[in-house]
Structure formats: C-alpha cells, structure tokens
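Encoded as structure tokens, the structure appears first; notes follow it.
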Number of protein chains: 2
Amino acid sequence: MSTKKSRLTVADVASAANVSKATAARVLGGYGLASETARKAVLEAAERLGYQPNDLARSMSTGRSGLIGVVVGDIENAFFSLAVRGISDTARAAGLNVIISNSSEQITEEREMVSVLLRQRVAGLIVAPTDARQLDHLKSAITSGVPVVTLDRWSPDLPADAVCGDDRASAISVLQHLQGAGHLHVAYVTAMTSRSGRLSAPEDVGISAVRERIEGFLAASDQAGAPTPRQMVFTNATDDAATARIVDKVLAQSPRITALLASDSLVGARLFRALTNRGVRLPRDMSLVSWFDADWTRVTSPQISVVDQPTYLFGQRAAERLIRRLKGDTTEPQRLLIPTPLIDRGTIGPAPL
Amino acid sequence: MSTKKSRLTVADVASAANVSKATAARVLGGYGLASETARKAVLEAAERLGYQPNDLARSMSTGRSGLIGVVVGDIENAFFSLAVRGISDTARAAGLNVIISNSSEQITEEREMVSVLLRQRVAGLIVAPTDARQLDHLKSAITSGVPVVTLDRWSPDLPADAVCGDDRASAISVLQHLQGAGHLHVAYVTAMTSRSGRLSAPEDVGISAVRERIEGFLAASDQAGAPTPRQMVFTNATDDAATARIVDKVLAQSPRITALLASDSLVGARLFRALTNRGVRLPRDMSLVSWFDADWTRVTSPQISVVDQPTYLFGQRAAERLIRRLKGDTTEPQRLLIPTPLIDRGTIGPAPL
DNA sequence: TTGTATGCGTTATCAG
DNA sequence: CTGATAACGCATACAA
C-alpha cells in the first residue's frame with residue numbers, strides 16, 4: 001500500500017506528519033520557519049519512514065549542484081592521486097562532492113570529460129590541462145559562469161586561478177646545484193612524445209609545467225655555457241623499453257653526460273631501472289634527480305634525490321580557491337606558486353672525470 | 001536580450017527552430033520521431049546557440065542518474081587508485097560517470113559517504129567495506145534498489161556481488177612456499193590497529209581480505225606444526241616508527257623469525273626500510289613477501305617478492321558486474337575470486353641457521 | 001507560522 | 001509526425 005513508489009518524498013513525510021508539503025520541506029531542508037511542534041512531527045515521521053532527500057531535485061530547484069568536477073591526467077599516478085585526495089578532503093569539508101575523471105593526457109578526452117561534467121552541472125572545475133594551447137573548452141566553461149581552477153599547470157590565456165609548482169625556478173636551481181657539483185652535461189628526460197626523440201621547440205610542449213621546467217633547464221644550461229642544450233632534452237620515455245634506449249643513447253653520447261633529470265617519478269623509476277640494469281652506479285657514474293617525492297625514491301640505495309612537489313597541498317589549495325569562487329569571490333584570477341624544494345638524498349655526486 | 005537566463009534549455013532551441021518544445025526535446029534527446037526537416041532545424045539551432053543538455057533535469061525525469069558511486073579505503077594507495085582507474089574506464093565506456101570518495105578505512109566515514117552518494121541518487125555503488133561486521137548501510141541500499149558490488153572484500157551476510165582476490169588460498173600457498181624453503185617461523189605484519197599489538201582473534205579483523213589472509217596464515221602455520229602462530233601476527237604497522245618497533249620485536253624474538261609477510265605494499269615498504277636501516281640483509285638474513293605488486297618493489301635490490309593483486313582488473317570486473325545489474329540482471333549475487341599469484345623476485349631465500 | 005501555487009529542465013503521454 | 005501538458009522532487013514567492 002504505502003510503498004508504491006521507489007523512494008519517499010517530502011510529500012510522504014508531510015502527510016505522515018499531518019502538515020503541508022511546504023512545511024515538511026522547510027524543516028527537512030533546514031530553511032525557513034517552522035513551529036517546534038511541526039518540526040518535531042516532521043522529523044519524527046522522516047526518521048520513522050527512513051526518508052532520504054533527493055539531492056538531484058534539490059539541485060534542480062536551487063540551481064546549485066554541490067558537485068565539483070576534477071579532470072586529471074592519470075589517477076593511477078601518485079602525483080595526481082595525492083592531489084585528488086587533497087581536493088576531496090577539502091571539498092568534503094565544505095559539503096561538496098567530487099566527480100573525478102581522467103584525460104589520459106589527451107586533449108580529446110579532456111574535452112569530452114569537461115563536457116560531461118558541465119552537463120552534470122558541476123558547480124566548478126579543477127583541471128590539469130594537458131595542452132596549454134587548447135583551452136577553448138575551459139574558456140567557455142568560465143564564460144558560462146562555471147569557475148575553473150587549473151592544477152599543476154597554467155596559461156596566461158586562461159582567466160582562471162591556478163595552483164602550480166614553481167617549475168621554472170626549481171629547474172634552474174636544480175641545474176645550478178648540479179653545476180656546482182661540476183656537472184656541465186646534464187640531460188632532461190620526459191615521457192612527452194615527439195617524432196624525433198629530441199626537443200624541437202619548448203613552445204611545442206603542451207603541458208605547461210613540463211615546458212617551464214624545460215625552459216628553466218635550457219636557460220640555466222645556456223648560462224653555464226653548455227653546448228646545444230636543446231639536444232639534451234630526451235622525449236618518449238613512455239615505458240621501460242623506450243627509456244632503456246634513451247639511456248643507451250645517453251651513455252654513448254660525447255661529451256659524456258654525467259647527470260639526468262627525470263620529468264616525473266614514473267620516468268625516474270624507469271631511468272633508475274635502466275641504469276641499474278646496465279651496471280651504472282649512482283651517484284658515482286651518474287647523478288639522478290627526479291621530480292616528485294614518490295614512495296619508491298626512499299627504498300632504493302642510495303635513496304633518490306628529488307624535487308618535492310607537495311601535491312596534496314596543490315589539491316587543497318586548488319579546492320580552497322574554487323570554493324572561494326563559488327562563494328562569490330570575483331577578484332582577479334590568481335596564480336599560486338607552491339615551492340618545490342630539492343631534497344638531496346643520495347643520487348647527486350660530484351661529476352666524474 | 002537573448003541571454004537572460006544562465007544557460008539555454010530545449011525551449012530556447014525550440015523557439016529558435018520554430019518547433020514545439022516537445023519536438024526539440026525529441027530530436028535533442030534522440031528519442032521518438034521527428035521529420036527530417038524538423039530534425040535539421042533543431043540541430044542547427046542547437047549548434048548555433050551552443051545548447052548543452054542538463055543531465056540533472058534528465059535524471060530527474062527518467063529516474064536514472066548515470067552516476068555510480070565508489071567508496072574506497074584510500075585513493076592515495078596505489079592499490080585503490082589502480083582499481084579506481086579500472087572502474088572509471090569501464091564505467092565511462094558504458095556511459096556512466098563515477099563519483100569517488102574515501103572512507104579512510106573508518107566505518108563512520110564509510111556510512112556518511114554512502115549516504116551522500118545515495119542522496120545523489122547514484123545508480124549503483126562499488127564499495128570496499130572497511131568492516132565486515134557493519135554492513136547495515138549497504139544492506140539498506142540494496143533493499144532500496146541500489147545494486148552494490150564490494151571490492152576486494154566480501155561478507156556472506158551481504159547479498160551483493162563481490163570481486164576479490166583469493167586471499168585465503170594465496171596466503172596458504174605463500175606460506176607453503178616459504179615452508180618449502182625451510183621457514184617455520186614466519187610473521188604476518190599488518191597496519192590494522194589493535195590494543196595489544198598482537199592478534200586477539202581473526203574474527204576481530206574487520207577488513208575481510210586481511211582476515212582471510214590471516215586465517216590462511218594460521219591454518220598453514222598450524223598444519224606445519226608452528227607453535228603459537230597467533231603470536232606471529234603483528235598489528236599496528238601504521239607508520240615507519242611503529243613498524244621499526246615491530247621489526248625490533250621480530251628480531252629479538254626466539255625462536256628466530258626468518259620470514260615476514262607484509263599485508264599490503266605500504267607495510268611492505270615500511271618493513272623494508274626498517275630492515276635495511278638495521279643492516280638486515282634480504283634474503284640472506286630475512287625473507288620478505290609483500291601483498292600488491294607496487295612500483296617500489298622493482299627498484300630495490302634485490303627486488304621484492306610479491307603477491308600480485310591485479311587491482312585494475314578488480315575494478316574492471318566490479319564495474320562490469322555492476323553494469324550488468326543496472327541492466328536488470330537479477331540472478332544470485334556472485335563472488336568473483338581473482339587469482340593473486342606469488343611473484344618470487346629476490347626476497348625469498350633459504351631459511352638461515 | 002503555515003499552506004498554495006509555481007518553477008527548475010527534462011522526459012513521456014496522448015490527443016491532434 | 002507534432003504539439004500541448006503533466007509529471008519528477010524539491011524550493012520558494014506569496015497569500016492566508
């Protein structure tokens with residue numbers, strides 16, 4: 001009799017409590033006025049029947065969805081999953097739910113995911129844009145009133161808050177540190193794909209964080225008088241086999257390369273394995289610095305020197321900024337740079353020779 | 001003039017195309033009939049205006065939300081983030097979106113998250129229940145018509161599909177393997193918290209996967225004639241310091257413990273660090289096997305022997321099962337056991353003495 | 001303080 | 001084939 005519909009509504013509670021739908025809605029929604037007696041009757045009825053509000057309907061009415069959308073490159077990567085945790089924790093504390101999706105670092109997937117999230121009427125978006133030159137989908141989100149915060153990446157073309165590491169500066173300071181230890185010939189290795197296996201132009205690097213690190217790398221190399229620094233940027237380190245081939249090239253190169261920079265912790269692990277397999281000893285034969293303080297960097301011997309990117313904090317800050325926007329902050333978009341200090345563990349040594 | 005409301009609706013498109021709302025809805029929604037001319041007019045207008053459907057409203061109308069809710073113990077843990085990736089990929093391919101939340105392995109948080117997801121009217125739930133003895137919230141979800149699939153964990157009390165590793169069997173086979181190498185005194189180390197630091201009773205282990213592994217461990221120990229196997233289960237390995245204390249206890253114990261089982265890869269890494277710090281050499285002085293084939297297990301030397309839990313596959317299978325349920329499958333709930341083979345890399349050696 | 005009536009943007013029914 | 005019109009579950013002006 002009573003259970004003809006799938007789930008109960010305010011109307012059911014209202015009639016059970018002998019009040020109008022509006023009154024029941026008011027006390028259940030926690031807004032407007034209601035007498036103490038009415039309130040008690042409604043709450044008692046709701047409890048007894050096991051009423052659960054329908055947030056979908058509420059969102060339709062209010063226009064607010066209570067959802068924020070997140071698009072990261074790859075949730076499997078600890079870099080992002082830590083950031084996601086930071087976002088989740090902060091969002092939840094503010095009563096917001098989080099929908100997460102992956103772009104697999106591909107612009108078509110990123111567009112698709114943003115579109116899906118927009119259709120779900122998310123209140124705001126946190127995105128790690130995979131290509132700084134293709135931001136139209138994010139621009140139009142902003143135009144249509146959905147605030148966007150970019151994570152780990154940034155573009156001057158996009159009027160959105162950004163939370164990033166200080167990539168250019170940290171690349172420079174790492175390189176200077178290495179130069180101080182006598183390393184003139186340093187290579188930068190990234191999983192970014194390219195035809196030639198070497199860097200064409202820094203402008204061709206879609207992920208702004210990587211581009212800025214490379215720019216810093218090139219600037220510091222130039223300044224130290226390193227020859228052909230652009231030839232020292234190796235791309236396509238997408239798996240163990242490809243990375244092993246890069247290591248072979250590196251080891252064969254003359255003048256001898258004495259230090260390696262890994263663009264992220266996955267590349268770092270691949271480099272470490274390839275070097276170890278070839279009997280190269282760290283840091284005696286080769287120095288190594290990896291971006292991101294991943295777990296694995298502290299179980300090797302020696303432990304790996306890293307550029308520490310506190311991505312949980314990235315996530316927290318990004319969520320905080322977004323929440324501020326959702327509360328109506330309309331000040332100028334801000335770019336928040338989070339320091340990413342070098343933690344020199346055991347893989348920076350004096351340059352051999 | 002034209003842009004008075006925040007976003008456009010079918011009505012806007014309809015009037016722009018000079019058709020009725022109903023007709024516009026039909027072609028935009030891809031249901032019902034429409035003449036070729038009407039269809040063209042509507043699509044053209046939608047394109048021109050930049051119409052984007054409102055999935056919230058659609059969900060309200062249809063009752064289907066197109067969302068599935070996921071509650072894992074900790075998204076930072078590669079075990080879960082891999083599984084989440086498997087879920088996401090599979091769900092997306094079926095046109096479903098995924099809302100992810102963390103329980104932090106605490107039942108109150110798990111309850112809260114399930115409740116939030118239910119209010120969002122998710123179509124189904126994938127949960128890694130943190131306590132097999134507290135499942136009422138999941139039961140009532142099922143009762144109210146929301147299918148549930150449990151991930152990595154399982155309870156006979158819950159009428160839900162489950163996708164798990166074969167924990168009991170793999171624990172037994174690992175122990176037998178160790179026994180074959182002469183190890184009689186083996187310890188099991190877990191991050192589960194307990195007052196005493198040792199196992200009281202297996203029934204007190206809330207996470208069913210861990211309980212089953214411990215049961216297997218105890219059974220195989222008993223059968224091999226190991227004395228007081230229950231004393232060989234060490235709890236509270238929640239961080240490096242606590243784990244180091246456990247290692248001290250282990251090393252001090254007599255008869256000498258010659259092999260360690262790590263309940264997950266975080267515990268494994270902590271054990272590895274503590275052992276290494278103390279100059280214990282693997283596998284000469286101590287053998288070590290960790291559950292989960294985490295990244296870090298292949299950069300140590302020697303590489304770590306692991307029980308391989310293919311959690312991406314766990315996620316895929318769980319999503320597939322859920323999708324099947326959403327399509328109306330009402331057959332008996334099934335428990336899918338996924339093999340978790342031992343990969344013996346370099347940390348199982350002959351027992352010393 | 002409470003109730004009535006209407007709107008949110010869809011889908012879906014049912015005459016024309 | 002098309003067009004009114006009524007849901008869906010809640011919020012909210014406005015009236016009582």
Side-chain angles (χ1 to χ4, degrees), chain A residues 3-43 45-46 49-67 118-123 144-145, chain B residues 3-43 45-46 49-67 118-123 144-145:
Chain A
T3 62
K4 68 176 297 191
K5 302 221 298 3
S6 51
R7 294 217 194 65
L8 335 93
T9 74
V10 282
D12 300 315
V13 178
S15 67
N18 281 322
V19 297
S20 75
K21 226 174 59 168
T23 309
R26 277 191 279 258
V27 0
L28 291 172
Y31 59 95
L33 297 312
S35 69
E36 198 47 46
T37 51
R39 157 168 286 105
K40 258 179 56 184
V42 170
L43 290 177
L49 301 178
Y51 167 77
Q52 281 200 324
N54 182 333
D55 281 351
L56 248 54
R58 177 168 297 168
S59 299
M60 276 238 32
S61 270
T62 60
R64 292 177 286 278
S65 77
L67 249 40
L118 253 21
R119 288 204 291 269
Q120 294 283 350
R121 292 301 186 262
V122 292
S144 75
Chain B
T3 62
K4 69 177 298 192
K5 301 221 298 359
S6 50
R7 293 210 191 72
L8 330 98
T9 74
V10 282
D12 300 315
V13 177
S15 68
N18 280 322
V19 296
S20 75
K21 221 175 65 170
T23 308
R26 277 190 281 258
V27 358
L28 292 172
Y31 60 96
L33 298 312
S35 68
E36 198 46 46
T37 52
R39 156 167 285 105
K40 259 180 56 185
V42 170
L43 291 177
L49 301 178
Y51 167 77
Q52 281 199 321
N54 182 333
D55 281 351
L56 247 54
R58 177 169 298 169
S59 299
M60 274 236 32
S61 258
T62 60
R64 293 177 286 277
S65 77
L67 289 173
L118 253 21
R119 287 205 291 271
Q120 294 283 349
R121 294 298 187 263
V122 292
S144 74

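A quick note: this is a predicted structure, and the numbers were derived from the prediction, not measured. Protein chains get the first letters and strands the later ones, always in sequence-line order, with residue 1 at the start of each.
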Taking only residues two or more places apart in sequence, or in another chain, which ones meet Ser35(A) in a side-chain hydrogen bond (donor to acceptor under 3.5 Å, both in side chains)?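 For Ser35(A), the residues satisfying side-chain hydrogen bond (donor to acceptor under 3.5 Å, both in side chains) (neighbours in sequence not counted) are Thr37(A).
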Take the protein atom [atom1] of [X] and the nucleotide atom [atom2] of [N], then report the distance between them rounded to whole Å.
| X | N | atom1 | atom2 | result |
| --- | --- | --- | --- | --- |
| Leu33(A) | dG3(C) | CG | C1' | 14 Å |
| Arg7(A) | dA7(D) | CZ | P | 21 Å |
| Asn18(A) | dT2(C) | CG | C1' | 14 Å |
| Asp12(A) | dC8(D) | CG | P | 11 Å |
| Met60(B) | dG9(C) | CE | P | 12 Å |

What distance do Leu67(A) atom CG and Leu56(A) atom CG have between them, rounded to the nearest 0.5 Å? 9.0 Å
Encode nucleotides 10-16 of chain C as B, S and - characters from 5' to 3', where the letter depends on protein heavy atoms closer than 4.0 Å: B to the base, S only to sugar-phosphate, - to neither. BBBB---
Using side-chain heavy atoms (C-beta onward) and a distance below 4.5 Å, is Ser59(B) in contact with Arg121(B)?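 Result no, sub-4.5 Å side-chain heavy-atom pair not found.
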Are Val42(B) and Val13(B) close enough that some pair of their side-chain heavy atoms sits under 4.5 Å apart? yes
What are the two closest non-hydrogen atoms of [X] and [Y], and how far apart are they?
| X | Y | answer |
| --- | --- | --- |
| Gly50(A) | Leu8(A) | O-CD1, 3.6 Å |
| Asp12(A) | Ser15(A) | O-OG, 3.1 Å |
| Ala46(B) | Leu28(B) | CB-CD2, 3.8 Å |
| Gln120(A) | Asp55(B) | NE2-OD2, 4.0 Å |

Give a yes/no on whether any side-chain N or O of Thr23(B) is located under 4.0 angstrom from OP1 or OP2 of dG3(D). yes
Note the angle between the end axes of the helix from dT1(C)-dA16(D) to dG16(C)-dC1(D), five pairs defining each, rounded to 10 degrees.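 Roughly 40°, once rounded to the nearest ten degrees.
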